[in-house]
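Everything numeric in this text was worked out from a predicted model, so none of it was measured. Lettering follows sequence order; numbering is per chain, from 1.
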2 protein chains.
Amino acid sequence: MTVPHETPVLAPASIPAAITTLRVRGLRVSAARRLVLEALFAADGPVTADAIADGLGGRLPESDLASVYRNLDTLEEIGLVRHFHVAHGAGRYALASRHHAGYVVCEHCGAHRPLERGTVAQIAAVLREACGYDPQLVHFPMVGRCPECRF
Amino acid sequence: MTVPHETPVLAPASIPAAITTLRVRGLRVSAARRLVLEALFAADGPVTADAIADGLGGRLPESDLASVYRNLDTLEEIGLVRHFHVAHGAGRYALASRHHAGYVVCEHCGAHRPLERGTVAQIAAVLREACGYDPQLVHFPMVGRCPECRF
DNA sequence: ATACTTGCAAATGATTTGCCAGTGT
DNA sequence: ACACTGGCAAATCATTTGCAAGTAT
């Protein structure tokens, strides 16, 4: 269901670089922490904390779900990770370097795909003019029907 | 935090009318059911199930939260009620006759306000052209910053 | 009379938190 | 050594579900 992403752009684009960032912030490089990073680098799109804890379905060793959440939070605090919420489902986490300007999620099949910066800007303009709100399509993507699920 | 709404438009606009709709569908008119309707008619905007169960803060007698959820579901099934989701918070329920084409919610203060049909249409057009998705701003409103919370 | 409903408790799913043992630096 | 982390169980929050007792029709 996960649509492939464009190529990375900013920030630490390798595990060693990310680990350096951790050290610079005075954070420790534990096995659990490293695993979360490995999972995020290995994933081919935003993933759930649960998927990371399960070792991406066997590709990596398992880890404790609570620790995964804690580490994702920590990594997000130092700018290495970003996450967004998916309709009724669990949140999706990705490396900040692979994150996009916004997302859309299909309320029916759960597929999520990134939005181009220009699209987000257009929508923001419409909304801002209509009621002064500034949309945050990164943290809370728009929900809709993908072309395949539009009966 | 709740922004006032425009005036009603469609469907049963009175409690007796709503009760008739219930009877027509072969559903029973119980005290608990009636209370949910009264709360929705008395509320001045979309409210949480919890608020209804609490009797809108004393204005009405309390009722069982599980029953409130069940009745809201029932009422929604027969078209009397609609609900939408609010960022991290609890869902909001309103009479279908008072519902709008879409909503925006402030991720900071929780304020939610209705969107005009035209605004929703414009956003839908942008998104549809960008990636073929058809947004559902009614069930899952856009999340953003309201003018007051934009630091 | 009998299906539909209720109230209450317990289960869900996602995420968080308390705590103490374990470990990076 | 010692503060930072990890694992695991228990707690939250919103919502749902199981079930026996109650009631609208």
Side-chain angles (χ1 to χ4, degrees), chain A residues 18-39 46-55 60-78 80-93 105 110 112 139-140, chain B residues 18-39 46-55 61-78 80-93 105 110 112 139-141:
Chain A
I19 287 183
T20 298
T21 303
L22 278 177
R23 290 227 162 81
V24 168
R25 306 287 180 129
L27 293 167
R28 294 185 182 173
V29 182
S30 66
R33 202 104 88 188
R34 197 186 308 264
L35 258 176
V36 169
L37 282 173
E38 281 173 16
V47 289
T48 62
D50 197 70
I52 296 173
D54 283 348
L60 293 170
E62 299 188 351
S63 35
D64 182 67
L65 185 54
S67 297
V68 169
Y69 273 113
R70 265 187 299 230
N71 281 322
L72 285 171
D73 284 350
T74 300
L75 295 171
E76 187 150 18
E77 274 168 25
I78 63 175
L80 253 38
V81 166
R82 296 237 46 181
H83 79 274
F84 61 85
H85 298 278
V86 176
H88 287 116
R92 306 274 172 166
Y93 297 78
V105 177
H112 53 277
H139 192 193
F140 288 103
Chain B
I19 287 183
T20 298
T21 304
L22 277 176
R23 289 227 162 82
V24 168
R25 306 287 181 130
L27 294 167
R28 294 185 183 172
V29 182
S30 64
R33 201 104 88 190
R34 198 186 308 264
L35 257 177
V36 169
L37 283 173
E38 281 173 17
V47 288
T48 62
D50 198 69
I52 297 174
D54 283 348
E62 301 190 347
S63 35
D64 183 66
L65 184 55
S67 297
V68 170
Y69 272 114
R70 264 185 303 229
N71 282 322
L72 285 171
D73 284 351
T74 301
L75 295 172
E76 187 149 18
E77 274 168 25
I78 63 175
L80 253 37
V81 165
R82 297 237 46 182
H83 79 274
F84 62 85
H85 298 279
V86 176
H88 288 116
R92 307 272 170 166
Y93 296 78
V105 177
H112 53 278
H139 192 194
F140 288 103

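In this structure, B:Phe84 and B:Pro141 approach most closely via the heavy-atom pair CD1-CG, 3.4 Å. Residues B:Ser63 and B:Val68 come closest through the heavy atom pair OG-CG2, 3.7 Å. The two residues A:Pro46 and A:Arg92 make their nearest non-hydrogen contact at CB-CB, 3.6 Å. Nearest heavy-atom pair across A:Ile78 and A:Thr21 is CD1-CG2, 4.4 Å. Heavy atoms only, all atoms of each residue included: B:Ala49 and B:Leu72 are closest at CB-CD1, 3.9 Å. The two residues A:Glu76 and A:Arg82 come nearest to each other via the heavy atoms OE2-CA, 3.4 Å.
In this structure, A:Ile78 atom CD1 and D:dC4 atom C1' are separated by 14 Å, rounded to whole Å. Rounded to a whole Å, the CD atom of B:Glu77 is 14 Å from the C1' atom of C:dC4. As a whole-Å value, the separation of A:Arg25 CZ from C:dT25 P is 17 Å. Straight-line distance from the CZ atom of A:Phe84 to the P atom of C:dT15: 12 Å, rounded to whole Å. Computed from coordinates, the A:Arg23 CZ to C:dG24 C1' distance equals 9 Å when rounded to whole Å. Between A:Leu22 atom CG and D:dC4 atom P the separation is 15 Å, expressed in whole Å. Residue B:Leu72 contributes atom CG, which lies 14 Å from atom P of C:dT5 at whole-angstrom precision. At whole-Å resolution of the value, CG in B:Asn71 and P in C:dC4 are 15 Å apart.
By the ring pair (Phe, Tyr, Trp, His ring centres under 6.0 Å) test, A:Tyr93 is found to be paired with A:His83, residues two or more places apart in sequence or in another chain being considered.
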For nucleotides 8-10 of chain D, tabulate all protein N/O to nucleotide N/O atom pairs closer than 3.5 Å, reporting atom names and distance.
| residue | atom | partner | partner atom | Å |
| --- | --- | --- | --- | --- |
| D:dC8 | N4 | A:Arg70 | NH2 | 3.4 |

Please list, for nucleotides 12-15 of chain D, all pairs of protein and nucleotide N/O atoms separated by less than 3.5 Å.
| residue | atom | partner | partner atom | Å |
| --- | --- | --- | --- | --- |
| D:dT15 | OP1 | B:Gly91 | N | 3.0 |
| D:dT15 | OP2 | B:Tyr69 | OH | 2.2 |
| D:dT15 | O5' | B:Tyr69 | OH | 3.2 |

Close N/O contacts between protein and nucleotides 11-13 of chain C (under 3.5 Å):
none

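Interatomic distance, B:Thr48 OG1 to B:Tyr69 OH, rounded to the nearest 0.5 Å: 7.0 Å. Here CD1 of A:Ile19 is found 12.0 Å from CG of A:Leu27. Values are rounded to the nearest 0.5 Å. Separation of atoms CG (A:Leu80) and OG1 (A:Thr74) is listed at 11.0 Å; rounding is to 0.5 Å. The structure places CD of A:Glu77 at 9.5 Å from CG of A:Leu75, a figure rounded to the nearest 0.5 Å.
Residue pairs meeting the side chain to side chain donor-acceptor pair (under 3.5 Å) criterion with at least one member in residues 26-38 of chain B, sequence neighbours excluded: B:Arg33-B:Asn71.
Across residues 28-38 of chain A, A:Arg28, A:Ser30, A:Ala32, A:Arg33 each have a non-hydrogen atom less than 4.0 Å from an atom of DNA chain D (numbered order).
Classification of the A:His85-A:His139 ring pair by plane angle, with boundaries at 30° and 60°, yields tilted.
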